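Right, one structure below, let's go through it.
Everything quoted here is computed from the prediction, not taken from an experiment.
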Amino acid sequence: MALVRHQDRYLQISRVLYRHGLGYFVHALGLERWVRPGSRSAAPAQPEEQHTVAVHVRLVLEELGPTAVKLGQILSTRPDLLNPAFQRELEKLQDRASPVPADAIRAAVREELGADPEKVFARFDTVPLASASIGQAHAATLADGSEVVVKVRRPGVVEEVEADLEILRALAARAAHRWSAAADYDVVGLTADFADTLRAELDYLQEGHNAERFARNFAGDPDLHVPEVRWDTTTSRVITLERLRGTKISDLQALDEAGIDRSALAARATRLLADMVFEHGFFHADPHPGNFLIEPGGRIGLLDYGMVGEVDERTRRQLAALFAAFERRDPARIAAAFTDIGVTKQRVDRGRLAADAGYLLSRYEGLPLGRVRIGDVVRDVLEMLRRHHLALPRNLALVVKMIVMTEGLGSTLDPGFQIGTVLGPYARRLVVGHLDPVAIARRLRQAGVDAASLGVELPGQLGRLLDALDRDGVSVSVRTDELDPLVARVERIGNRLVVALVAAAGIEALAVLASTDPQRLKPYETKVAALGVAAVGSLTAYLGWTARGHRRRR
């Protein structure tokens with residue numbers, strides 16, 4: 001069993017938590033058995049030093065090693081889960097580690113590339129450029145004279161990480177049963193996301209493919225330099241990348257001395273990151289200043305492609321609905337959008353959420369765009385979501401974090417920088433695309449396909465249900481508070497079937513219209529959209545009314 005295999009690690013975790021005055025987490029995680037009664041580590045003593053709880057959490061993660069540090073770094077990208085004090089503290093976690101001995105690096109290169117590094121490369125510097133928890137970077141030169149950086153994965157790190165991930169899964173499962181906050185935020189699912197993210201960072205082949213995808217997306221763009229991957233000396237444990245040289249984007253004095261226009265640089269960097277999210281749907285999820293190098297001509301060199309995010313079609317629709325709701329300043333629509341987006345196991349009180357959204361809108365009423373900081377709005381929105389126990393899906397949380405980090409980077413370069421002026425056109429295009437008749441027709445067609453599939457499967461499922469009832473009988477115990485969700489689900493299924501069938505009848509007409517000259521279609525767009533919304537609303541209201549009448553008759 002995992003508990004027996006990892007008992008020393010469980011004991012270490014318990015002792016470190018107690019030593020930092022975090023005994024509550026020992027009980028929440030079900031670790032009491034690993035602390036012997038009466039021992040010093042079992043006493044809920046005051047922490048060794050008087051720090052805030054957030055500081056002690058960071059110190060605990062640093063003391064527990066690479067996997068815990070990575071967990072903290074990833075959690076720092078989730079402002080929807082952590083309040084600002086914890087987020088700021090976890091952002092301080094530095095992924096540093098003692099250097100791996102040169103002989104161990106040489107052995108790893110030999111095992112992966114078939115020869116000692118001095119034979120594979122024209123020059124290989126055994127003194128590392130940087131040493132982190134997962135890998136170590138070395139400067140090298142290829143036979144053709146190209147300067148490269150060779151990253152080598154630390155020996156034994158995969159086994160260490162997998163053991164810690166097994167422990168983390170067990171702790172998450174226990175916490176979900178013992179701690180209401182852990183259950184509300186689906187800590188088991190978050191742990192699975194974290195494991196996927198960390199395993200991707202362990203695989204240098206994946207990092208190489210990520211870099212190539214960015215290079216394809218920005219082919220011909222003069223503002224971004226993605227390092228070339230040298231595949232002949234790259235494996236899952238070793239990656240060789242073109243070495244970029246330039247000025248750190250945080251070195252303002254050096255940028256000024258190089259004649260770089262910092263205001264224009266802030267706008268260019270933001271435009272590149274916005275293109276990743278809104279145009280390509282594939283973005284760099286860790287845009288901290290250390291990953292930007294500014295080349296002499298002003299081109300931006302972007303480093304480290306281990307952590308990335310994707311914006312799929314569903315996320316685009318959710319973002320478009322949210323932007324549209326904010327643009328209309330409609331609290332009810334904002335609440336509906338957040339309920340659709342958010343992840344929670346609790347029932348969401350839409351009335352209270354809409355009231356909070358209305359208060360949020362009033363705080364920024366009448367303010368010109370130039371006086372609104374996106375970071376402040378995001379902070380208020382995330383505080384509202386935490387109050388209603390709503391978490392964001394991982395990729396959407398990464399988008400939010402990236403936007404906040406980008407605004408901070410832009411403000412550092414140019415104190416007068418306003419990220420809204422850059423992001424505004426992207427948001428408007430997203431909303432317009434969401435409401436485009438062709439896009440609506442495509443979504444309706446998919447709804448029709450889903451409804452048809454459900455109709456095909458339904459008779460068989462009902463037949464199996466009736467067979468089970470005939471064979472085993474049925475015993476029903478229903479509480480009144482359980483009846484409404486069940487009836488609501490039936491109503492939703494009925495709505496979906498009827499609306500999809502009605503919509504399917506008009507799909508071909510919409511497709512024909514959409515394929516005609518756009519100028520001929522333009523005068524009718526608003527009327528078509530309004531009629532569609534009215535029709536769907538009327539059908540839904542009618543079905544809800546008949547279902548309620550049926551319940552009253554019963």
Side-chain angles (χ1 to χ4, degrees), residues 28 75 78-83 172-193 314-315 317-326 328 330-362 378-397 400 447 450 454 476-497 499 536-537 539-552 554:
L75 281 174
R78 298 299 305 267
D80 56 318
L81 301 178
L82 300 177
N83 68 41
R174 276 189 235 141
H177 285 93
R178 290 168 164 253
W179 189 11
S180 60
D184 292 344
Y185 285 109
D186 188 19
V187 71
V188 174
L190 290 171
T191 300
D193 284 345
R314 173 178 170 80
T315 305
R317 290 199 304 269
Q318 291 172 332
L319 281 172
L322 186 60
F323 290 154
F326 269 101
R328 294 176 182 179
D330 187 332
R333 288 180 181 270
I334 293 172
F338 277 132
T339 304
D340 181 45
I341 292 172
V343 177
T344 185
K345 291 192 174 182
Q346 282 197 351
R347 177 182 173 276
V348 178
D349 187 335
R350 283 204 184 189
R352 287 184 55 204
L353 183 57
D356 286 349
Y359 174 73
L360 177 67
L361 288 173
S362 69
V378 167
R379 183 199 64 222
D380 290 341
V381 167
L382 294 176
E383 174 58 34
M384 181 178 72
L385 294 183
R386 284 194 295 270
R387 199 158 53 244
H388 290 271
H389 301 281
L390 282 167
L392 297 175
R394 174 181 175 271
N395 276 332
L396 195 52
V400 170
D450 292 343
L454 179 61
V476 179
S477 174
V478 180
R479 298 198 312 264
T480 55
D481 62 345
E482 293 175 338
L483 189 57
D484 282 343
L486 180 61
V487 173
R489 179 170 176 79
V490 172
E491 287 182 7
R492 287 197 300 272
I493 292 172
N495 292 351
R496 184 179 180 189
L497 278 168
V499 172
V536 172
L539 280 168
T540 304
Y542 172 74
L543 287 167
W545 177 79
T546 54
R548 287 192 294 273
H550 176 69
R551 289 201 301 272
R552 284 195 296 269
R554 293 295 298 268

Steps toward side-chain contact (heavy atoms from CB on, under 4.5 Å) verdict (Leu319, Leu396) | CA-CA 9 Å; Leu319 281 172; Leu396 195 52; 3.5 Å; yes
Report the residues that fulfil side chain to side chain contact (heavy atoms under 4.5 Å, CB included) with Thr339, sequence neighbours left out, ordered by chain and then residue number.
-> Val348, Arg350, Leu353
Residues which pass side-chain hydrogen bond (donor to acceptor under 3.5 Å, both in side chains) with Asp330, listed by chain and number, not counting sequence neighbours | Arg333
Partner set under side-chain hydrogen bond (donor to acceptor under 3.5 Å, both in side chains) for Arg379, not counting sequence neighbours = Asp376
Rounded to the nearest 0.5 angstrom, the CG-CZ distance for Asn395 and Arg314 is 12.5 Å
Kindly write out the residues that satisfy side-chain hydrogen bond (donor to acceptor under 3.5 Å, both in side chains) with Asp340, not counting sequence neighbours, or none if the list is empty.
-> none
Any residue meeting side chain to side chain contact (heavy atoms under 4.5 Å, CB included) with Ala28, in chain and number order, not counting sequence neighbours = Tyr24, Trp179
Nearest heavy atoms of Val188 and Ala176, plus distance in Å = CG2-CB, 4.2 Å
Go through the steps for His388 and Phe338 under the test side-chain contact (heavy atoms from CB on, under 4.5 Å), then give the verdict.
-> CA-CA 10 Å; His388 290 271; Phe338 277 132; over 6 Å; no
Are Leu390 and Ile341 side-chain neighbours, meaning at least one heavy-atom pair lies under 4.5 Å?
-> no
Minimum-distance pair of heavy atoms, taken over all atoms of Leu322 and Ala337 | CD1-CB, 3.9 Å
Should Ile334 and Leu360 be marked as a side-chain contact (heavy atoms from CB on, under 4.5 Å) after you check the CA-CA gap, both sets of side-chain angles, and the distance that decides it?
-> CA-CA 11 Å; Ile334 293 172; Leu360 177 67; over 6 Å; no
Output for pair (Asp380 CG, Asp356 CG), nearest 0.5 Å, gives 11.0 Å
Considering all heavy atoms, the nearest Ala357-Pro331 contact | CB-O, 4.0 Å
Contacts of type side-chain hydrogen bond (donor to acceptor under 3.5 Å, both in side chains), residue Thr191, not counting sequence neighbours = none
